[in-house]
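Just so we're on the same page: letters track the sequence lines, and every chain starts at 1.
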Protein chains: 2
Amino acid sequence: MTAPEDSPASVVPPLRRRGEPMRRAVLSAAVELLSREGLAGATVAAVARAAGVHETSVYRRWRTRENLILDALTSELDSALPIPDTGRVREDLLAFFDRLARLLGTPQGHALLRLSVERDDTLDDRRGPYWRDRLDRAVVMVRRGVERGELAPGTDPGLLVEAVSGPLFVRALLSRAPLDEALVTGLVDLALDGARPGRPAGS
Amino acid sequence: MTAPEDSPASVVPPLRRRGEPMRRAVLSAAVELLSREGLAGATVAAVARAAGVHETSVYRRWRTRENLILDALTSELDSALPIPDTGRVREDLLAFFDRLARLLGTPQGHALLRLSVERDDTLDDRRGPYWRDRLDRAVVMVRRGVERGELAPGTDPGLLVEAVSGPLFVRALLSRAPLDEALVTGLVDLALDGARPGRPAGS
């Protein structure tokens, strides 16, 4: 038996996997290929081969390569950004945004961000929501800081989250400058303390 | 005489424009098409038709559609972001970032930003530098604020510029949330004054 596409010795004959087992096998193969070879390497043919399923089954379920990749990445990254609750707003923000910076530095996080900014009518409307949901949840850290009196009552929680996350997204997408802990600390302290003189940073 | 592509009554026969006049006609037609029809409408064929030059002349000079568009946008937007010098750091920052926000809201600015984040090996390495140059120049506003004692001596000028510009880029690319004056004011005041209590905003 020969596969229709190029068939190295390692090719596993497609199985008659269906439903949830098929879905899990395909998504996990997609994540694995994305991590190893990036967006370009994660073709539907390659993912189907690696998962041991028919390419047509993949198309039947996900319709397009982009939908498959988004499903794979959002499933994979679903639990990647927990909201800390240390009792101190600065610690919470540092922990959360440090994880966000590290996520954007991984091949999976970077691929999801790139797909999120690509305008493509074949994509389900699932990209925006992934990041919006996570940043919306981050807002509770700021609200708790306001409730504890650590932050001014008039603080706009969404704006503070945007001010710290924005530069991280821009470095990942545009400038390709490093996403390190010093950057996160600098951004959090700027948002908390501002650049005016006479206030100790990191308080 | 018939053009090889679809030829409406308004088609101007290609001229034998060369050198700088040809370049200017093509770039101005590209900017005009980008503004009216967006990235998708600015094909090489449409630009050449609108400029009244041969399509082959365009390819000979710019090689790819993307290079042409980048050249058009960076020429058009070259003087779009002057650095103000009012003597007050808050006024300077508000004026500069308000112009940046408005630029990102125009079809041309938005198109240039989209092209800037697309990874494409056929593009000259000219996208990153456009935004980096402008943000690098913005750093002088912060330095002057430090010199005047309006900002703390330890202020990181690049970080402050990133903290205000980052959310503007992210709104333009990712969330599509509005880029208005209230946003710019909120971001500038957060970067200057921080979110800690007890400090009057907008001072």
Side-chain angles (χ1 to χ4, degrees), chain A residues 38-40 89-90 93 113-114 116-119 127-128 130-132 135 142 145-146 149-177 182-183 185-201 203, chain B residues 38-40 89-90 93 113-114 116-119 127-128 130-132 135 142 145-146 149-177 182-183 185-201 203:
Chain A
L39 269 179
V89 70
R90 182 170 182 266
L93 295 172
L113 183 59
R114 289 209 60 77
S116 302
V117 299
E118 266 164 39
R119 220 169 354 185
R127 298 89 48 76
Y130 178 84
W131 300 107
R132 191 167 59 235
L135 298 182
V142 183
V146 173
E150 293 181 275
L151 302 180
T155 302
D156 180 337
L159 192 76
L160 195 150
V161 168
E162 280 187 83
V164 183
S165 61
L168 306 181
F169 287 119
V170 171
R171 284 204 180 194
L173 277 175
L174 194 65
S175 72
R176 310 307 311 261
L183 171 70
T185 307
L187 289 168
V188 166
D189 283 335
L190 186 65
L192 293 180
D193 301 309
R196 299 278 191 198
R199 179 179 294 236
S203 56
Chain B
L39 269 179
V89 70
R90 182 170 183 267
L93 294 173
L113 182 59
R114 290 209 59 78
S116 302
V117 299
E118 267 164 38
R119 217 162 5 179
R127 298 90 47 75
Y130 178 84
W131 300 107
R132 192 167 59 237
L135 297 182
V142 183
V146 173
E150 293 182 275
L151 303 179
T155 301
D156 180 337
L159 192 75
L160 196 151
V161 168
E162 280 187 84
V164 183
S165 60
L168 306 182
F169 287 119
V170 171
R171 287 203 178 192
L173 277 175
L174 195 64
S175 71
R176 310 307 312 264
L183 171 71
T185 307
L187 289 167
V188 166
D189 283 335
L190 186 66
L192 292 180
D193 300 309
R196 299 279 191 199
R199 179 179 293 236
S203 56

Determine the option with the most heavy-atom pairs under 4.5 angstrom with chain B, choosing from A/Gly186, A/Gly149, A/Ala191.
A/Ala191

Smallest separation among heavy atoms of A/Ala163 and B/Pro167, with atom names:
CA-CG, 3.7 Å

Out of curiosity, A/Trp131 CH2 to B/Leu174 CG, how far, rounded to the nearest 0.5 Å?
8.5 Å

Chain B contact via A/Val89 - which portion, at a heavy-atom distance below 4.5 Å
side chain

How long is the gap from CZ on A/Arg196 to CZ on B/Arg90, to the nearest 0.5 Å?
7.5 Å

What residue pairs, at least two apart or across chains, pass side chain to side chain donor-acceptor pair (under 3.5 Å) with a residue in residues 162-175 of chain B?
A/Glu162-B/Arg171, A/Arg171-B/Glu162

Using a heavy-atom distance cut-off of less than 4.5 Å, which residues of residues 151-161 of chain B contact chain A?
B/Leu151, B/Ala152, B/Thr155, B/Leu159, B/Leu160

d(B/Leu192 CG, B/Leu187 CG) to nearest 0.5 Å is 11.0 Å

Most heavy-atom pairs under 4.5 angstrom with chain B, which of A/Leu183, A/Leu190, A/Val170?
A/Leu190

